[in-house]
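The next block holds one structure in the form of structure tokens; read it before the comments.
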Amino acid sequence: MGHFSLTNNQDTIAALATPPGMGAIGVIRVSGPDAISMVNAIFKGTDLTLALSHTIHFGRIIENDMVIDEVLVSVFKAPNSYTAENITEISCHGSPYILTRVLNLIIQKGARLAKPGEFTMRAFMNGKMDLAQAEAVADLVAADSENARQVAISQMRGGFSSEIKKMREKLVHFASMVELELDFAEEDVEFASREELKKLVKELSDIISALLSSFMTGNVIKNGVPTVIAGKPNSGKSTLLNAMLNEEKAIVSELEGTTRDFIEDEIHIEGFAFRFIDTAGIREARDRIEQMGIERTRQKMREASVIIYMFDLSVENEDSINQQVSELERLSIPYIKAGNKTDVASPALLNSLESQPGFIFISAKFKENLDQLKVRLIDLLDLGKVSVGDTIVTNARHYESLFKAKNALREVIDGMEKQASGELLAQDIRQSIYYLGEITGEITNEDLLENIFSKFCIGK
């Protein structure tokens with residue numbers, strides 16, 4: 001049996017549900033058949049075993065007649081709870097010492113410590129949510145931008161799942177009809193209209209294609225856009241980062257080559273997270289450490305989704321700018337040419353660059369034209385077209401299953417064109433049903449569950 005034995009569902013589990021460390025309040029969550037009676041045994045106040053579901057009770061946690069803490073206990077009775085089991089949540093004062101002591105008391109009463117994601121796994125096992133919804137719970141916990149939150153909420157409420165289920169149901173109906181024909185093989189009847197089937201497969205393939213192509217955007221929403229700020233030393237990279245962040249995060253100095261490493265921070269533009277990576281300046285290095293910094297900059301540029309390349313217009317000339325642009329072109333990564341220090345640039349240089357397409361003129365120091373830079377970032381990555389109301393795939397596992405389902409549907413069409421037997425046709429339809437079922441968890445195994453839920457936080 002793997003880490004998640006599906007047979008130990010009768011245990012009562014307990015865990016700290018708030019982050020470890022000092023805080024105003026810490027919550028301990030308990031779920032299982034004995035969740036209410038175990039907590040009642042260490043609680044002085046209302047008799048929790050007689051309490052109504054969805055009620056909160058003030059009282060004290062007691063150990064050998066000694067008061068450990070004054071707490072609030074919430075009671076949720078099966079099946080109307082997150083896990084569909086009895087649940088109690090104890091809100092204690094947020095001292096790590098108190099929380100550990102209360103958790104130990106519950107364990108002494110017979111509970112065991114929950115494994116990562118075990119509460120949500122129980123919600124899945126008990127039919128409270130499907131697998132895609134369960135995975136969206138983890139995404140919601142990790143969401144660090146408005147769009148990531150909206151997509152996770154929509155998936156958690158079953159928006160994505162209902163699309164998959166509808167597709168599956170239609171395919172199941174056709175597979176059954178084709179299989180029924182096999183029972184009447186001698187009579188040569190057709191219960192499943194091949195034209196209707198072809199139409200359905202085409203429709204489903206289009207939906208799946210749209211979902212597959214949303215994955216790139218989904219990835220951006222979930223993980224942010226790795227954005228490298230690059231350019232020669234002293235071109236104002238760190239000043240731009242600070243201006244975008246509105247706080248002093250990078251070391252800014254008049255000396256060349258002060259940024260030896262990477263500074264990573266995140267800003268939100270129209271609900272998308274851009275992970276800004278400020279890098280060491282690119283020039284002929286004067287020592288080995290600086291050489292390593294420049295090499296790593298080039299590596300970071302190759303890994304970026306977008307590059308903001310800065311030119312110091314107070315010292316640059318057109319030839320040098322064109323040379324750097326041709327190097328940028330070779331990377332084949334979307335980039336923005338940002339001419340900085342416009343306040344001290346020569347009018348002649350500004351004039352000649354204005355005729356070049358795609359140049360943005362900014363002053364990082366005086367925070368001028370930064371809005372134009374933000375608009376260009378959204379446009380460059382085509383993020384303006386994204387409507388978070390759309391169903392967007394953010395999960396690599398779902399992407400893989402959709403990809404396999406689409407290939408299986410292609411086999412269905414090929415089979416019909418080659419006039420394949422009903423048996424082979426039914427097999428190909430069943431294959432696509434299988435892959436769609438992997439997403440929502442109708443098709444599952446213990447290793448898959450282990451893999452998914454072990455990545456959750458403990459207490460969720």
Side-chain angles (χ1 to χ4, degrees), residues 3-4 13 15-21 23 25-29 31 82-83 89 94 114-124 128-161 164 211 214-227 245 249 262-277 303-306 381 383 386-402 438-441 448-460:
H3 168 95
F4 274 110
I13 54 173
L16 181 63
T18 43
I25 289 170
V27 176
I28 291 166
R29 178 182 261 182
S31 180
Y82 181 69
T83 58
E89 287 187 353
K115 298 178 181 118
E118 195 166 4
F119 292 93
T120 308
M121 192 194 79
R122 288 189 173 195
F124 164 67
K128 276 285 179 179
M129 57 178 74
D130 67 36
L131 203 49
Q133 288 172 292
E135 287 165 295
V137 170
D139 288 345
L140 191 61
V141 170
D144 64 354
S145 75
E146 177 54 21
N147 286 344
R149 180 195 69 77
Q150 284 190 29
V151 170
I153 278 279
S154 154
Q155 291 188 353
M156 195 172 89
R157 295 169 87 177
F160 177 48
S161 300
I164 300 295
L211 289 172
S214 76
F215 181 60
M216 203 175 91
T217 307
N219 218 12
V220 163
I221 289 173
K222 190 170 172 178
N223 302 316
V225 183
T227 309
L245 292 165
K249 278 278 166 77
F262 304 100
I263 292 158
E264 198 164 310
D265 226 311
E266 206 168 78
I267 68 161
H268 292 182
I269 304 172
E270 293 186 24
F272 294 97
F274 284 78
R275 291 205 324 273
F276 274 84
I277 303 154
E303 291 167 8
S305 290
V306 63
L381 295 168
L383 298 176
V386 175
S387 158
V388 181
D390 302 341
T391 304
I392 293 170
V393 177
T394 55
N395 181 310
R397 187 183 78 78
H398 301 167
Y399 179 85
E400 204 176 313
S401 294
L402 284 166
E438 277 186 335
I439 295 171
T440 48
L448 175 68
L449 295 183
E450 152 99 42
N451 191 17
I452 290 170
F453 290 105
S454 63
K455 295 184 176 77
F456 276 53
C457 353
I458 289 177
K460 192 64 201 161

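Note that this is a predicted model, so its numbers are computed, not measured.
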Exercise. Could you please spell out the steps behind the side chain to side chain contact (heavy atoms under 4.5 Å, CB included) verdict for L16 and V27?
Key: CA-CA 6 Å; L16 181 63; V27 176; 6.0 Å; no
Quiz item: Can you check side chain to side chain contact (heavy atoms under 4.5 Å, CB included) on K460 and Y82, steps first, answer last?
Solution: CA-CA 10 Å; K460 192 64 201 161; Y82 181 69; 3.9 Å; yes
Quiz item: With distance as the sole test, does S401 use its side chain to make a donor-acceptor pair with the main-chain N or O of I439 at under 3.5 Å?
Solution: no
Quiz prompt | Side-chain heavy atoms of I392 within contact of N147, under 4.5 Å | solution = no
Quiz prompt | Heavy-atom pair of closest approach, residues F119 and T83 | solution = O-CG2, 3.2 Å
Quiz item: Do V137 and M129 have side chains that get closer than 4.5 Å, going by heavy atoms?
Solution: yes
Practice problem: Indicate yes or no: does E89 engage R29 in a salt bridge with an N to O separation below 4.0 Å. | Solution: yes
Practice problem: Would you indicate whether the side-chain heavy atoms of H398 and F160 approach each other to under 4.5 Å? | Solution: yes
Self-check item: I13 and K115, any side-chain heavy atoms less than 4.5 Å apart
Solution: no
Exercise. Examine distances only and state if a side-chain atom of S161 and a backbone atom of G159 form a donor-acceptor pair shorter than 3.5 Å.
Key: no
Practice problem: Give the C-alpha distance, both sets of side-chain angles, the deciding distance and a yes or no for side-chain hydrogen bond (donor to acceptor under 3.5 Å, both in side chains) between T394 and Y399. | Solution: CA-CA 8 Å; T394 55; Y399 179 85; over 6 Å; no
Exercise. Would you check if L381 and V225 make a side-chain contact, meaning some heavy-atom pair closer than 4.5 Å?
Key: yes
Practice problem: Apply side chain to side chain contact (heavy atoms under 4.5 Å, CB included) to D139 and K222, showing your working. | Solution: CA-CA 8 Å; D139 288 345; K222 190 170 172 178; 3.2 Å; yes
Quiz item: Hey, are E135 and R397 close enough for a salt bridge, meaning a charged N less than 4.0 Å from a carboxylate O?
Solution: yes
Practice problem: Determine yes or no for a side-chain-to-main-chain donor-acceptor pair under 3.5 angstrom, with Q133 supplying the side chain and M156 the backbone. | Solution: yes
Exercise. Show your working on ring-ring contact (aromatic ring centres under 6.0 Å, His included) between F274 and H268 and close with a plain yes or no.
Key: CA-CA 6 Å; F274 284 78; H268 292 182; 9.2 Å; no
Self-check item: Over all atoms of both residues, closest heavy-atom pair of R275 and N223
Solution: NH1-O, 2.6 Å
Quiz prompt | Side chain S154, main chain Q150, donor-acceptor under 3.5 Å | solution = no
Exercise. Go through the steps to decide whether L131 and L449 satisfy the test side chain to side chain contact (heavy atoms under 4.5 Å, CB included), and finish with yes or no.
Key: CA-CA 9 Å; L131 203 49; L449 295 183; 3.9 Å; yes
